[in-house]
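Residue numbers count from 1 along this sequence. We count ligands from 1, going down the list as the structure has it; atoms in each ligand are counted the same way.
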Amino acid sequence: MKFFKLLVIVFLVVHDYLVAAQDNAEIIIGFTEDERNALLALKAGFHNAFLDENWQSFNCMNWYGVRCNGSRVVGLTLESLDIAGEIKVDALFNLSVLSVLSFRNNSIFGQLMDFSKDMELSRLDLSRNNFDGVISPSLVNLVRLESLQLQENKLTGAIPWFDQSSLKELNVSNNNLSGPIPNTRTLRSFNSSSYDHNSLCGPPTSTTCGPTSHVGDTSAGSNKSSVDATLIIVNVIGSIVLVMLLISFYKKNKQLNQKISERNNVIREGDKEKLENDEEKGDEMSSTVIDHQAKGLIQEGKLVFVDGEPGFELRDLMTASAESLGKGNFGNTYKARLDDGRHVTVKRLRDLKPLSRDEFLNHLKIIAAQKHPNLVPILAYLHSNDEKLLVQKFIMNGNLFTRLHGGRGTSDRIPFRWGARLAIAHGVARAMEYLHMNPNSSLVPHGNLKSSNVLIDENNMPLVSDYSLTLIISNTIAVHRMVSFKSPEYLTSKKVSKKSDVWSYGSLVMELLTGRVSILSVPQDDKAVDLCTWVHRAVREEWTAEIFDLELMVQRSAIHGMLKLLQLAVRCCDKVPEKRPNMSEVVKEVESIKALNLDSDSEEDLSFDRDQSQSPTDDSISATPSR
Ligand SMILES: *[C@@H]1O[C@H](CO)[C@@H](O)[C@H](O)[C@H]1NC(C)=O
Ligand SMILES: *[C@@H]1O[C@H](CO)[C@@H](O)[C@H](O)[C@H]1NC(C)=O
Ligand SMILES: *[C@@H]1O[C@H](CO)[C@@H](O)[C@H](O)[C@H]1NC(C)=O
Ligand SMILES: *[C@@H]1O[C@H](CO)[C@@H](O)[C@H](O)[C@H]1NC(C)=O
Ligand SMILES: *[C@@H]1O[C@H](CO)[C@@H](O)[C@H](O)[C@H]1NC(C)=O
Ligand SMILES: *[C@@H]1O[C@H](CO)[C@@H](O)[C@H](O)[C@H]1NC(C)=O
C-alpha cells in the first residue's frame, strides 16, 4: 500500500518534470523565453519604476537582482526596493531551476507562491512583506531547502509538516500563525525565537496546546515522521529513477495517464523501455533537458562576422539594451543598442530546416555574401544549440509598408510622392536583379518580397531585407508564410522559380502605385486586396483613373510615367511565369521611366520640391517621419 502511494508521488513528480521540460524548450539570448516572460510578468505585477528601467536588456546578466547560470535563472534577489505590488501564486512555475529567492523588506502582497516546480530552491526569504494566507504546503517537498525566512508577514493557519533534513534556518515569527508546532525533528531543532509573536502552541513555545490538539502528540508524531523519512528517501531515489524515466517517457507524455493506471509494473517496464530507447533518444534529451542549464550561449556560440572588423563582440550584444521590433514571420526581431551607441537589428531565427551546424553556417555564408547598396547588410550570425541569430545593420526609417499606409488621414502623414515611389521601385528592382544573378542562390532567390521587407534608410533609399531565407527556413513554414508560395504557379503546379520573385515585385509595385494594402503584406486584414487580380480587373473594366493613389494624382505631369510603371507591374504579375520579364529587363524599364520623368520634369526629385512649393507639406524628399 505504501509502495503504491510512493509510486503515485514519483509519477506526479515525473509529470511535473515533463511539463517543465516542455516549457523550457525555447531559449532566448541569455535566458529562456519562458523565464524571461515569467520575469516580465513579475515586473508587470510589481509596478516598480526601478525594475521597469533595469529589466529590459537582452541578457539576464544585466537584469538587476537576477542571477543566471548559462541560460537559466538561478537567483532572484530584490531586497528593500519598495516594491508594493502583487505576486501571482503561479509566478515561479517557469523559473524551475531557481535556487535563491529573496524579496526581503518590500511591501509585496498576495498569497505565498506555489513552489512545487522549484525543486532546486535552497534559500527563500520573503520576510518583511505583506504576504497573507497560509504557508504554502509545496514548501514541504523542497528537499534542498536550507533557509526559510517568512517573518513579519500576515500569514495565517498552521505550520506545515516541515521535516526535510536540509532545513537549517527557519523564521516564521511575527505572523498570525496558529495551532501546534508539528513535532518533527526539523521543526524541533529551532528555538522559540523562530516562532515568536504568533498564536502557536507546543514546544519550543511556552504555551501548551489545548486538549483538542493531537498533532503534537509524541507517538503519532514519531510514527508519522518515520513514514515521512521513508518518503524523503524514496523521493531521492525517485529523483534518480526519474532521470531514467524521463528519458524513456519523454515522447510518451500523452500515454502517461494510461501508464499511471498500470503503475504496478511501470518501473520494470520503464527500465526495459529505457534500454530500448536510450540510444535513439539520448541526444535529444541532452539538448533539451539535461544539459540545458550548463549550456549557456556564451560558452558554445560564436558570432561569425561577415566583414572582419565589426567593432563589437557577442559580449557587447549580450549586454546591449534591446527593444522588440515585433514578432516576425520567422522569429522575433530586436533593436539592440551597443555600448558605443550604435544600433543593430537582431533576428532570432525560428522554424528552421533541420540543418547541421555546418550546413547552417554554409547557407548563411552564401546569404551574407550577397552585398548590394539596396540590400540590408548582414553583419554577423550565430549558431548555437539553443539559438540561431542574424545580426543586421539597423535601418533608420522603418519599412515601406508603414511609409505607404501609415498615418493616412491624419495630420502626421507626409505625402509620399511619385519621385520617391519611383526611386523605391528602382532600388528594389536593382536589389532583386542582383540576387537573381547569384549562381549560388536557391530556386527563388528572394522568396519573400513584400513591402514590410523593404526598409527605408536616412536618404529614403530602399534596402531589401529577409532575402534568400528559403535556404534555411523549413519548407512547410516557407510554403505557408512566404510570398513566392502565394504565386499562381505555386498554387497550380507547386513550383516556384525566379519568376515567382518577379511576380512578388509586380505586386509590390502595384501596392506603391495604388496605395492599397496588399494581401501579401497582411493576409488577415479586411481591407487587404489581391492587387494583381484587382489591377487586372480595373484595367480590363477601364476604371484606370481610380487605380492610382490619390496622393499621386496631384502630380499631373507624372501620369505618363505612372501608367508605364503600371504596365510593367501588370506584365510582372502575368499568370504565366514565362511571360513575365526577368529582373534585368525590369531594371531597364524602370530606368527608362526615370529618364522619362527627368525629361518631363527636367530635374526629377528636386523639381518636385520646386513644383510643389505652393504646398508646404509636399515634400517627396523628406519621407522621414518629421523631426
Ligand atoms: C509558463 O510557460 C508556458 C509555456 O510557454 C506558458 O504557457 C505558461 O503560461 C507559463 N506559465 C506561467 C505561470 O507564466
Ligand atoms: C527596508 O527598506 C527600506 C526602503 O524600502 C529601507 O529604508 C530600510 O532601511 C530597510 N530596512 C531593513 C531592515 O533592511
Ligand atoms: C489573526 O487571525 C485571526 C483569525 O485566524 C483574526 O481574527 C485576527 O484578526 C488576525 N490578527 C491579525 C493581527 O491579523
Ligand atoms: C535561537 O537560535 C538562534 C539561531 O540559531 C540563535 O541566534 C539564538 O541565540 C537562539 N536563542 C535562544 C534564546 O536560544
Ligand atoms: C526571527 O525574526 C525576528 C524578527 O522578526 C528576529 O527578531 C528573530 O531574532 C529571528 N529569529 C531567528 C532565529 O532568526
Ligand atoms: C551552473 O550550472 C552547472 C550545471 O548545473 C553547475 O555545475 C555549476 O556549478 C553552476 N554554476 C554556478 C555558478 O552556479
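The side-chain heavy atoms of Leu200 and Thr207, taken from C-beta on, include no pair separated by under 4.5 Å. Side-chain contact between Leu352 and Ile473: present, with at least one pair of heavy atoms (C-beta onward) separated by less than 4.5 Å.
Shown here, atom 2 (O) of ligand 4 is in close reach of the protein: a heavy atom of it lies under 4.0 Å off. For atom 11 (N) of ligand 4, the nearest protein heavy atom is under 4.0 Å away. In this structure, atom 14 (O) of ligand 4 has a protein heavy-atom contact shorter than 4.0 Å.
In this structure, Lys347 pairs ionically with Asp466, as a charged nitrogen and a carboxylate oxygen lie closer than 4.0 Å. A salt bridge links Glu79 to Arg104: at least one charged side-chain nitrogen sits closer than 4.0 Å to a carboxylate oxygen.
Considering backbone and side-chain atoms alike, Asn94 places an N or O below 3.5 Å from some N or O of ligand 1.
For Phe103, the ring pair (Phe, Tyr, Trp, His ring centres under 6.0 Å) partners are Phe46, not counting sequence neighbours.
The nearest heavy-atom contact from the protein to atom 8 (C) of ligand 2 is Asn105 ND2, 3.7 Å. Looking from atom 5 (O) of ligand 2 to the surrounding protein, the closest heavy atom is Asp82 OD1, 3.0 Å.
Counted within 6.0 Å of NZ on Lys43, heavy atoms from surrounding residues, nucleotides or ligands total more than 12; the atom is thus considered enclosed.
The ligand atoms of ligand 4 that sit less than 4.0 angstrom from a heavy atom of Asn191 are 1 (C), 2 (O), 3 (C), 8 (C), 10 (C), 11 (N), 12 (C), 14 (O). Near Asp90, with a cut-off below 4.0 Å to any heavy atom, the atoms of ligand 1 are 13 (C).
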